[in-house]
Amino acid sequence: MSTHAADPLAALAALPGVPEAVDSVRQAVDRVYGHRVMRRRSNEISSEAALRGARGSAALAGADWALEEVRRRSDFSADAEARTVGAALRLGVEVGQLLSIWRQSPLRVLARLHLVAAGESADSVGRPRQRGEAVDEPLIEAPLPDAEEVAARLDGLSDLIVAGSSAPALVTASIVHGELLALRPFTTYSGLVARAAERLVLVGSGLDPKAICPAEVGHAELGRAVYAAAFEGYLSGTPEGMARWISHCGRAVELGVRESTAVCEALQRGAA
């Protein structure tokens, strides 16, 4: 992703189809925040959104468990799928603790997210991968940038975040998500970290301050094939491809809103 323009994210926000996606997301978010249940039970909605978002992110990483199985389980160390679900759940909790640090030190936050996801203190954990280290990232099969390119592009992404942008939250969140997927900067769990970072931007920007609009739910509902195809648009770097990826991320947020709206309505009926 080029960072030569004064505000490259703002330029992306003007691409055909992106303003409409931004407006649609804003309207959807406003509607769920206006739900009467939100006035008194927003903490319950936030907790449920975190759980469902974690389930969705894990599903995209190949651990597609039923929601009730995620809710029921207490041991997430038994096998690779269980570890993936556990990693996603830990990230869902951690995001809220890192909001104040993100704008000042995004690379520190990303390192922390990987440490939390991995749940161990191995040498490769909590830092960008180094030359020659293998990468385990299900679903994403794009060419893997080398360690030097990863370091340079992470610095560029960090500079963008620290500098700030007039771009809408959806655009920034989509680019953070897409760039981390493209780089796969860690030896493991880069996809989970990328989706957690997308959530962090949406929450920290003020679009979704109570964290009740889990985009991960929408990404999972749209399906792994659609997710991968939209990501190809990001990788292309073309205006059309970037717009397609941003619009895809917008649709995912809207589906996350729909999920939380259903939770609100179930609570209102006393059924959840």
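Among residues two or more places apart in sequence or in another chain, the salt bridge (charged side-chain N to carboxylate O under 4.0 Å, His left out) test is passed with Glu20 by none. Residues passing the salt bridge (charged side-chain N to carboxylate O under 4.0 Å, His left out) test with Glu94, sequence neighbours excluded: Arg112. Remark: Arg184 engages no residue in a salt bridge (charged side-chain N to carboxylate O under 4.0 Å, His left out) (not counting sequence neighbours). Judged as a side-chain hydrogen bond (donor to acceptor under 3.5 Å, both in side chains), and not counting sequence neighbours, the contacts of Ser165 are Asp7. Shown here are the salt bridge (charged side-chain N to carboxylate O under 4.0 Å, His left out) partners of Arg224, two or more places apart in sequence or in another chain: there are none. For Arg55, the side-chain hydrogen bond (donor to acceptor under 3.5 Å, both in side chains) criterion is met by Asp64, not counting sequence neighbours.
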After noting the C-alpha distance and the side-chain angles of Arg52 and Glu216, does the key distance pass the salt bridge (charged side-chain N to carboxylate O under 4.0 Å, His left out) rule?
CA-CA 8 Å; Arg52 294 182 184 217; Glu216 307 97 318; over 6 Å; no

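A salt bridge links Glu68 with Arg71: at least one charged nitrogen is closer than 4.0 Å to a carboxylate oxygen.
Applying the 4.5 Å side-chain rule to ILVMFWY residues, one finds Leu144 in the same cluster as Val135. By the 4.5 Å side-chain criterion applied to Ile, Leu, Val, Met, Phe, Trp and Tyr, Leu51 is assigned to a cluster that also includes Trp65, Leu67, Val70, Phe76, Val85, Leu89. Hydrophobic cluster membership for Leu115: Val125 (Ile, Leu, Val, Met, Phe, Trp, Tyr linked by side-chain heavy atoms under 4.5 Å, directly or transitively).
The list of ring-ring contact (aromatic ring centres under 6.0 Å, His included) pairs with a residue in residues 9-63, not counting sequence neighbours, is empty. Within the structure, the ring-ring contact (aromatic ring centres under 6.0 Å, His included) test picks out the following pairs touching residues 110-168 (sequence neighbours left out): His114-Phe186. Residues in residues 96-110 take part in no side chain to side chain donor-acceptor pair (under 3.5 Å) pair, two or more places apart or across chains.
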